[in-house]
Peer 1: 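Handing you a structure now.
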Amino acid sequence: MLDEIPVSRPQTPLLDQIDDPADLRELAIDQLAQLAEELRLFLLYSVGQTGGHFGAGLGVVELTIALHYVFDTPRDRLVWDVGHQAYPHKILTGRRDQMLTMRQAGGLAAFPKRQESVYDTFGVGHSSTSISAALGMMIAGRMNESDHHNIAVIGDGAMTAGMAFEALNHAGHLDDNILVILNDNNMSISNNVGGLSSYFARMWASKPYNFIRTGSKRVLSKLPQALKAAHRAEEYMKGMVSPGTLFEEIGFNYIGLIDGHNTTGLVEILDNIKKLRGPQLLHIVTQKGKGYSESENDPYGMHALSKIEATPPPAQDSDTITRAKPPRPPIGGPSYSQVFGNWLCDRAAHDKRLVGITPAMGEGSGMRRFAKEYPDRFHDVAIAEQHAVTFAAGMACDSVKPVVAIYSTFLQRAYDQLIHDVALQELDILFAIDRAGLVGEDGPTHAGSFDLSYLRCVPNMIVMTPSDEDETHKLLNTGFQHVGPAAVRYPRGKGPGTAVQQGSEAVPIGKGLLRRQGRSVAMLAFGSMVAPALQAAEQLDATVVDMRFVKPLDEELIGDMAAKHQLIVTVEENAVMGGAGSAVNEFLLAENYRIPVLNLGLPDHFLDQGKVPDMLAGIGLDAEQIANAIADKLKACKIQSEAV
């Protein structure tokens, strides 16, 4: 057990011999426990240097070793659900020396990525996809006459999503070789791992038992009543010592509960399962954050780690493990998530209709205070985005005012519910959409690049883009007071530092705000792009409008800008295709305005991880690049401007 994170490269002699899983399979089984300790130590060190997910990875160290030890990866397909637990997998599959580039521009991705390694058989980042993907690989293998194994590793949190059960049901129907490993690390399904349940799990995974089980069913198939009685007896026996009856009914052979930190035991079980036929479900119990005391004690708060700025160890002992100082709190005001969380509590105090709903994003969305102060009005529905939206719709049918807090990238998963269950019925729901735009080190799976595009085409929706903390507060008020579906989208992290004026002040729906009066160029900026637009405008003496609304657009203001300027520029932190700029284009075209337009936004390709300021600069969305793009456009259009 470690109380401190290594701040210098630890000694890992066994791990250093492993360049790929083939090397791992050369080890004796009694060496795997030592390898697990070294892998856990190196994981703590590397994530301490780069930041990122590590609690989940610490919990699957032994499982990762056992899987690569028993199965012939990458020929055998290993699919990690979500992928935040896959850092040990990356270390063992030829990427150990690259771990210090994790989540950096040009470095390793934060999640499994097919383009990064042949061992990453499926790119992930969102939950509950692993069983479906492994099932597809199983069918492809059947068609290609390949006998490779297909393994999906899914956590108990991801198992809450309907997609996982849809795939389980399909797998039971196909009745072919697939292994689903349920990693239970929150005790949400099982209470403990007892000696009796472990004994039966080993028995259920054994070849003799399964031979007798299969043979008996063939013999008894001619005696339906006897077969039914045998099946019922087996079911009752498993039900007494395990929670596996549900999976058995779907069509899986359930094997559990197993200690997920016993490497030798895992190897034995997996080696037995490898010889079995048909759908298998192995239920293991692990501890999230295993091996690091602070993470074990607070698995939720220590789910991920910020980069550690550690004091250098003493010169006489370069391998000393020094307690890292906690990261300094960011300078400045609250984050956008905190602005939302404070607003939510303030509104709840004044309006008893308000309820807060989130699909497992309460902490990140700033809802901790609300959950504590209003526990009866806080609903975390787990990783079930579709359910969260329709759950809110049901509440809205009976005069409750739901506020759904959700990340932009995860609202994509509930798009059908947004359209048919909310917008079509004009239900009174406010969506607080966090992590809009680029999110930095988490990469493209978590970027909120498309919400303006997919929201603005939905009838009855109000779509708002606040430009700072105070605007966020006001537009949340506006959306809450509006009767009907409304969305406020804001970025990750902190804003420009504008003080929040408390109260219930709203703004007129569909009305923008003139921020700066200039000359020949009118910049229509949305949300986070208002600040760099204002900086660029100083160089060009341009007009800047904070549009506030993507839907409905302030058409009167746009028309006025088009009539008084020689160039319209739209700037947004959203996909430029189909986004807010496209909405402006459509209006100008429909009204026959003949004026050049420059649309600036996220390009038509996925952006890899990096620091958000660097990423914005790289795609031309910082102040300097915006000014340069406008200057180039002015020259191309031969528009006279004193600043060019």
Side-chain angles (χ1 to χ4, degrees), residues 63 66-81 112 114 118-124 128-155 158-159 161-183 201-221 227 230-231 234-235 238 242 244-256 258 266-284:
L63 175 64
L67 285 168
H68 284 294
Y69 192 76
V70 171
F71 291 98
D72 184 19
T73 54
R75 183 176 181 276
D76 290 333
R77 311 295 201 261
L78 177 57
V79 183
W80 298 95
D81 208 286
R114 282 170 54 84
V118 294
Y119 292 94
D120 292 356
T121 59
F122 195 74
V124 292
S128 315
T129 63
S130 61
I131 305 174
S132 297
L135 202 58
M137 294 172 186
M138 182 194 79
I139 296 299
R142 180 195 294 178
M143 295 175 65
N144 296 327
E145 298 182 350
S146 172
D147 61 349
H148 65 258
H149 294 273
N150 305 282
I151 307 105
V153 182
I154 184 169
M159 191 65 90
M163 183 177 180
F165 279 92
E166 291 172 6
L168 285 171
N169 183 61
H170 191 200
H173 170 72
L174 291 171
D175 193 25
D176 206 337
N177 297 337
I178 185 171
L179 170 60
V180 175
I181 299 176
L182 173 56
N183 177 27
R202 291 193 297 273
M203 183 186 74
W204 294 331
S206 69
K207 194 170 185 179
Y209 169 79
N210 280 274
F211 175 79
I212 295 171
R213 178 177 183 260
T214 304
S216 298
K217 289 183 177 181
R218 283 199 302 267
V219 172
L220 294 175
S221 62
L227 178 62
H231 175 72
E234 180 185 38
E235 180 181 291
K238 288 190 172 183
S242 76
T245 304
L246 169 63
F247 303 111
E248 291 276 341
E249 289 296 325
I250 292 174
F252 278 77
N253 178 38
Y254 174 86
I255 301 163
I258 291 297
L266 285 171
V267 168
E268 178 186 345
I269 289 283
L270 290 171
D271 196 49
N272 285 336
I273 291 174
K274 187 177 178 180
K275 303 166 188 173
L276 303 181
R277 309 296 296 175
Q280 312 292 326
L281 190 138
L282 173 62
H283 185 175
I284 70 171

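For the single chain, residues carry numbers from 1 onward in sequence order. The structure displayed is predicted, hence computed values, not measured ones.
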Peer 1: Considering only residues two or more places apart or on different chains, which pairs with a residue in residues 68-78 satisfy side-chain hydrogen bond (donor to acceptor under 3.5 Å, both in side chains)?
Peer 2: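 For residues 68-78, and leaving out neighbouring residues, the side-chain hydrogen bond (donor to acceptor under 3.5 Å, both in side chains) pairs sorted by first residue read Arg25-Thr73, His68-Thr73, His68-His89, Arg75-Asp147.
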Peer 1: Using 0.5 Å steps for rounding, measure from the CD atom of Glu166 to the CG atom of Leu135.
Peer 2: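 That separation rounds to 12.0 Å.
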Peer 1: Flag the pair Leu282 / Ile273 as yes when at least one side-chain heavy-atom distance between them is below 4.5 Å, and no otherwise.
Peer 2: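 Result yes, sub-4.5 Å side-chain heavy-atom pair found.
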Peer 1: For the CD atom of Glu248 and the CD1 atom of Ile250, what is their distance to the nearest 0.5 Å?
Peer 2: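 If I round to the nearest 0.5 Å, the distance is 10.5 Å.
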Peer 1: Between Thr129 and Val124, is a side-chain contact (heavy atoms from CB on, under 4.5 Å) present by the stated rule, with each step listed?
Peer 2: CA-CA 8 Å; Thr129 63; Val124 292; 3.8 Å; yes
Peer 1: Sequence neighbours excluded, which residues qualify as ring-ring contact (aromatic ring centres under 6.0 Å, His included) partners of His149?
Peer 2: Phe71
Peer 1: Would you call Phe252 and Gln280 a side-chain contact if the rule is heavy atoms closer than 4.5 Å?
Peer 2: no
Peer 1: For Leu281, which of Leu182, Leu179, Asn253 qualifies under side chain to side chain contact (heavy atoms under 4.5 Å, CB included)?
Peer 2: Leu182
Peer 1: Work out which heavy atom in Met163 is nearest to a heavy atom in Ser132; give both atom names and the distance.
Peer 2: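 Shortest heavy-atom separation between Met163 and Ser132 comes out as CE-OG, 3.8 Å.
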Peer 1: Quick check: does any side chain N or O of Arg114 sit under 3.5 Å from a backbone N or O of Thr121, one acting as donor and the other as acceptor?
Peer 2: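 Yes; at least one donor-acceptor contact below 3.5 Å.
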Peer 1: Between the main-chain N or O of Val267 and the side-chain N or O of Asp271, is there a donor-acceptor pair closer than 3.5 Å?
Peer 2: no
Peer 1: Does some side-chain heavy atom of Ser128 sit less than 4.5 Å from a side-chain heavy atom of Met159?
Peer 2: no
Peer 1: If you apply the rule side-chain contact (heavy atoms from CB on, under 4.5 Å), what do you find for Leu67 with Trp80, and how did you get there?
Peer 2: CA-CA 12 Å; Leu67 285 168; Trp80 298 95; 4.2 Å; yes
Peer 1: Pair up each side-chain donor or acceptor in residues 167-178 with any protein partner under 3.5 Å, not counting sequence neighbours, and list the distances.
Peer 2:
from: Asp176; atom 1: OD2; to: Arg142; atom 2: NE; distance (Å): 3.0
from: Asp176; atom 1: OD2; to: Arg142; atom 2: NH2; distance (Å): 2.8
from: Asn177; atom 1: OD1; to: Gly278; atom 2: N; distance (Å): 2.6

Peer 1: So do Ile181 and Leu270 actually touch side chain to side chain, heavy atoms under 4.5 Å?
Peer 2: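 In contact.
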Peer 1: Working to the nearest 0.5 angstrom, can you tell me the gap between Ile284 CD1 and Ile258 CD1?
Peer 2: 9.0 Å
Peer 1: Side chains of Ile154 and Val180: does their closest heavy-atom pair fall under 4.5 Å?
Peer 2: yes
Peer 1: Drop me the distance from Met138's CE to Ile131's CD1, to the nearest 0.5 angstrom.
Peer 2: 12.5 Å
Peer 1: Would you check if Val153 and Asp81 make a side-chain contact, meaning some heavy-atom pair closer than 4.5 Å?
Peer 2: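 SC-SC contact between Val153 and Asp81 ruled out.
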Peer 1: Does the Ser130 side chain pair with the main chain of Val79, one donor and one acceptor, at a distance under 3.5 Å?
Peer 2: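 Pair absent, no side-chain N/O of Ser130 close to backbone of Val79.
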